[in-house]
Amino acid sequence: MNTAADRLGGALPPRRRWQWRLHVPRLVVAVALAVVTFAAFPEAPATKIPIYEVGAVATDNVIAPFAFEVPKTEAELRKERDDVARAAEPVFRFTAAALDTSRLLLDAFERELNAAADELPQTVIAVQRVGRTFGVALTPDEAGYLASPVRRQRLLAAIRRMNDRWVAAGVAPTGVVDQLRGEVLLDRSGTELRLPADSLVSFAQLISRARLVNPDPASESGTAVYLKLITSFFRPTIVLDATQTQRRRDDLWRSVSPTKYSVRAGEKIVGEHEVVGREEHDKLRALQQSIGEERGASPRLRRATGAILFDLIILVLLGVTLRLFRPNVYAHWRSVVVIAVVVALVVLTSALVSHMRPLRPELIPVTLVAVVISALFDHRISMAIPLIVTILVGAQEPFRGTNALFVNLVGGAVAVLSVRAVARRNQAYVWLIATGCAYLAAAVAIGLMLDQRAGTIVVSAGHGALNALASILLALLLLPLAESYTGIETDLTLLEWSDLNRPLMQRLSLEAPGTFAHTMIIANLADAACRAIGANALLARVGAYYHDIGKLAGPQFFVENQAQERNPHDMLKPSASAEIILSHVVEGLKLAERYRLPRVLRAFITEHHGTGEISYFLEKAREFGDDVDRAGFVYPGPVPRSAETAVVMLADGVEAATRVLNERTPARVREVIEHIVRQRLDQGQLREAPLTLQQLQIVKDEFARVLSGMYHSRIDYPSASGGITAEFAAR
């Protein structure tokens, strides 16, 4: 069966197939990030109309290519409509029938009272019964007052005059007009009259006027029954027409134009070097939206494709940077995934920031990328990645014409530079202070350039400091997850494992004190040498701490833990002794798994002996005439693959060799160091270690310096002064 590769001239060579398998998944990740970026910022990033934020200085003249309108925002339109609707004059209606009803009720009441007055001697009771019939509660004194024909007729006549004089002109219920201001509309038989609101008479005002024409003001009972009858038989002749009032308010509400500004074709929106105000900003955004609508729906797919391609090009630059400068990071799939996830977090957070008003580009969390990448990888690549991410976000439509690029380039670069080799966890404070100062410097520079007020500069710097705090805290939360996923241990993890109070270190110091002392010396040697050649001194030190933990399985079988003249190997065959010595590597890996030692530290367990021989027991086996299998006397390896494990290997050999010297003079120590390094080179143990001959020379010099300091001669103090004399020490 012919495959596509066969039809193209044969199968792809293995290297090319590997290259495709390497690059295609990473290109897929880049495309996915570009799609995420487009989804977060659906506007095309490359457009002819820049959007300047308020207060920014326009870099170009922007002329309206066609006439368009600037719509009001939903909040603006709603507020204006509500204000207009509230200002609408309420409509009242004059109801003459209400006065007729009041008159008829008063006439009927009078007839019933006249009839009740004839019911002697129960006249008062009869009048009260009539009052209850018409809803008027009368006391005996008030009923007695109405029982008098003269008083009754005079009182009812006064009420009728009041109705004819004032109620007939129009009286509104209490509470309807009390709070009105301005003008109202009064509908009288189809004729609308616009009147001052305070010209309408309310029922409370009617009562005040009625008191002035009280027919019997001297009588308390007469006054009380007078006011009761007015209240009971009053029917308002001016009422609020709620339906008509609401209709007028709806008409006014709809009459408010949704247009904020009208821009004519060819009109200048903003000129070059002009400061952009709120009006210009709104016009620019409306023009941007109008351009999208003018182009119609069909080209949207083309614009979306262009936007995704725009973002993809920037992201491909990031991938090319990784490929060229850190191919090992590029080839490590999990590292690529972590970088992609962090970039996606920054893009999505920036999308949320883009909806803030006013826009706050200081809140774009580029510091998050800077801290995470700097902690996981080196400074060169961690400087490049935040730079590219800043360009990616700053090129999006909401941030074009803003200071996002400058502010975040400064903040991200300083964050990268501040995250150096970590020696203490509280160095996070240094990161925070340095990054916050960077945002402050950027805010001051922009503020002075744009002549901003001090308050505006302080607010901008405060947002930058808040961004730095949140980004660093989030980075510290994400770093353990990133370390666990990628298998890359940062200096923060190494610091945790450098604690000598950890259970494994406590066991080593108590169960194998000689090995523990040997470990401390190697750690000092490796630390000094790695610092001198620019390797990771912390990694070398912590790796040295754990390189011999396998000796805990049988510490008495190792010479540094043996008392004088008590060597258990004297009772064993050389092959058995060699097996025990070799097993400390395997036992070390078991303990590393049990105590969850980081993978980067496990390399020191397997590589610190490389594939070297256990020459002492091999030669002893040959002396006994045994059938010697050399493979049983060789460490399984591998050989050191990093500068740090190679230095620890050399330090291990040098420390063991110098320990058995009778005279540890600087010259003799130097001779031993030269011999050990030359031996490891001749054996090929350093063939995979990234060390140059110049670096090896520096390593030897550091070993000599440290060991000479450890084994320097002491002044022979006389015993009388409290010292130990040479004679005493020799005994």
>> With heavy-atom distances below 4.5 Å as the criterion, would you say the side chains of Y485 and V337 are in contact?
In response: yes
> Does any non-hydrogen side-chain atom of C530 lie less than 4.5 Å from one of D527?
Replying inline: no
>> Between S471 and T367, do the side chains contain a donor N or O and an acceptor N or O under 3.5 Å apart?
In response: no
> Mind checking what makes ring-ring contact (aromatic ring centres under 6.0 Å, His included) contact with Y545, not counting sequence neighbours?
Replying inline: none
>> What I'd like to find out is whether the side chain of I339 reaches to under 4.5 Å of the side chain of I385, using heavy atoms alone.
In response: yes
>> Hydrogens and angles aside, do N408 and E362 bring a side-chain donor and acceptor to less than 3.5 Å of each other?
In response: no
>> Looking at D82 and R78, is there a salt bridge between them, counting it only when a charged N and a carboxylate O are closer than 4.0 Å?
In response: no
>> One pair to check against salt bridge (Lys or Arg N to Asp or Glu O under 4.0 Å): E280 and R285. What are the steps and the verdict?
In response: CA-CA 9 Å; E280 290 80 8; R285 285 200 170 276; over 6 Å; no
>> Please evaluate residues Y439 and N467 with respect to the criterion side chain to side chain donor-acceptor pair (under 3.5 Å), reporting the C-alpha separation (whole Å), side-chain torsions for both, the decisive distance (0.1 Å), and the verdict.
In response: CA-CA 9 Å; Y439 280 110; N467 175 21; 3.1 Å; yes
>> Quick check: do K260 and D282 have side-chain heavy atoms less than 4.5 Å from each other?
In response: yes
>> Between W333 and R26, is there a side-chain heavy-atom distance shorter than 4.5 Å?
In response: yes
> Hey, are the side chains of S335 and Y330 touching, using non-hydrogen atoms and a 4.5 Å cut-off?
Replying inline: no
> Does H332 have its ring centroid less than 6.0 Å away from the ring centroid of F377?
Replying inline: no
>> I want to check something: taking the side chain as every heavy atom from C-beta on, are L345 and L478 in contact at a cut-off of under 4.5 Å?
In response: yes
> Got L77 and V256 here, is their nearest side-chain heavy-atom distance under 4.5 Å?
Replying inline: yes
